[in-house]
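To start, the structure under review is shown below, and the notes come after it.
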Amino acid sequence: MPRLAERLGSFAAALRDPARPVPRGLVGPDGKPSAKRFAVYRNNVMVGLTEALRANFPAVCRIVGEEFFQAMARAYIVYEPPASPILLDYGAGFANFIAEFEPAASLPYLPDVARLERAWTEAYHAKEGQPLAAEALAKIRAHRIHAARLHVHPSVRVAQSRFPALTIWRMNVDDRAPGPVDLKSGGEDALVMRPQAAVEVRSMPPGAADFLAALGGGATLAQASKSALRADAHFDLSANLAALIGAGAFIDYSLPTDAGAVGLTPPDDGRGEI
Amino acid sequence: MACRAGQSRAGAIPARAGVGLKPEHYRTILKSCPDIGFFEVHAENYMGAGGPPHRYLTAIRNRYPLSLHGVSLSIGADRMLDRDHLKRLKELIERYQPGLFSEHLAWSTHETAFFNDLLPVPYTAETLTRVVEHIDDVQETLGRQMLLENPATYLAFAESSYSEIDFIAEIVRRTGCGLLLDINNVYVASTNQSWDPVRYIDAYPLAQVQEVHLAGFAREADDKSRPLLIDAHDRPVDDAVWGLFAHAIRRLGPMPTLIERDAKVPRWPELKAEADRAEAIMSGCGRKDPGHAASG
């Protein structure tokens, strides 16, 4: 093995594991080893990644407090260091990690708040897409509408929770002081998306998450409506469809006889008005 | 003053001061259209598919020259460069047409792990061969010259057989890359390695320098209570670094000079004031030392 590969390999191993001794031959100006000098690199990596997580999970940080967040972030960084140089992507597994993180077990809703924040980050950086105009579906003849497939906007994410995670998240991203929340008040589903420049977060009625998930999976309106009705017997197809179109959740639609999707609008490349 | 778009599409970076672009300042910049030479961004912060970062950068690029600074290409690593990362850089360059593109003499990935830091390399013949291959690869793939930035180091490799300056000069000779002279890094590394920072500047291949970086450092101490400076980018440029900058500018002449602040980002006027200070120094001592003009 070439010496450079060996050198960087042992440097990397010692960076990852603070219990390891500083590799030999890493020296100060006197030619002697220095633990404190190597510790600067270890610390830079840890602080940099902790900051990246703090930036992406501000509500989680506010809920647990700075000290707890740092300890939890450090444990996560050791468990799942970034595999990509794009730190915008870092933290995809943080919510699942929190769910298994014993010291956070007393906050059962915390993983769902983290999922919501992750959805927010993904929506923020998602590909641009021009939302379908509210009247677009009116062009489809009534007997064909049930066979239509709606193409979901690339920024759309759904965060489901059996806790009022959306209410808790909202309280902790505002500047206002958080108030009491009844954890037994039921679950909340959140629609997170960025139809234009800003990320928007909305509460979803029962069944809407299943409806949207089915559409995202390529189901027709009729099929998606069935999925939604299984989740909630009172699911109102036209009201939900109108709300989602109004929110800008779709970019296009196709009908079975079409050779491909009906291209109604050219994709926005993001260079337009802010 | 109205902020006119479209005036800077050509995009050459002027010999003026610029500021590292931070999301905290997007709106202020677009609203107030400050008189500033250029902006610089970290390439990796614009590698998402879409969203506000691209929308703002597009609007700002339409009004100002832009330089692109990579922080994660890992040019000093022992393995092949990440093709996907190079492809993303190429796409950014095509989209934003930056006047300059720079990267570091450092490594940050090993096997599958990414370390969010600029890690040092031993200055040996083997590293030199590898770094030269990588820079050739970058310049060929991107179809343009890159600038290489000198590192802020906290320790040295006992096996190094080149001085840092000889190592960098040899890279330049073999690859034809340009240089980004980070004056804060010169001061930090010189303090940490017991070098003389003025002699460092004087011995540097200044003719290849096309951009200068200025930033703030934190003061710590090592195990033996020797000063250990940290390249923190979280505070104003230190007076010692301003002094070294003035020295470098007397040799270099006016240069695109970036104020970098990546943590504890202050309000815009504080960074603008540092940019103004850099410009004042450049207009005060910007004439090249005649003794060195011939080599520049």
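The chains referred to below are lettered A, B, ... by the order of the sequence lines, with proteins before strands, and numbering in each begins at 1.
Options G48(A), P81(A), A126(A) differ in how many heavy-atom pairs under 4.5 Å they form with chain B, and the most are formed by A126(A).
At a threshold of 4.0 Å, the pair E220(B)-K36(A) does not count as salt-bridged, since none of the basic side-chain nitrogens sits closer than that to a carboxylate oxygen.
Heavy atoms closer than 4.5 Å to chain A are found nowhere in S160(B), neither backbone nor side chain. Heavy atoms of L57(B) lying under 4.5 Å from chain A are absent altogether.
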Exercise for the section: Check step by step if salt bridge (charged side-chain N to carboxylate O under 4.0 Å, His left out) holds for D30(A) and R226(B). Expected result: CA-CA 11 Å; D30(A) 56 359; R226(B) 289 170 300 206; 2.9 Å; yes

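Considering CD1 of I86(A) and CZ of R88(B), their distance stands at 3.5 Å, rounded to 0.5 Å. The structure places NE2 of H125(A) at 10.0 Å from OH of Y46(B), a figure rounded to the nearest 0.5 Å. A distance of 5.5 Å separates OH in Y154(B) from CG in N44(A), rounded to the nearest 0.5 Å.
Taking the side chain as every heavy atom from C-beta outward, K224(B) and S34(A) never approach each other to under 4.5 Å. A heavy-atom distance below 4.5 Å is not found between the side chains of H110(B) and F11(A). By the 4.5 Å heavy-atom criterion applied to side chains, L228(B) and R37(A) are counted as neighbours.
Within 6.0 Å of atom CZ in R235(B), more than 12 heavy atoms from other residues, nucleotides or ligands are found, so the atom counts as buried in its surroundings.
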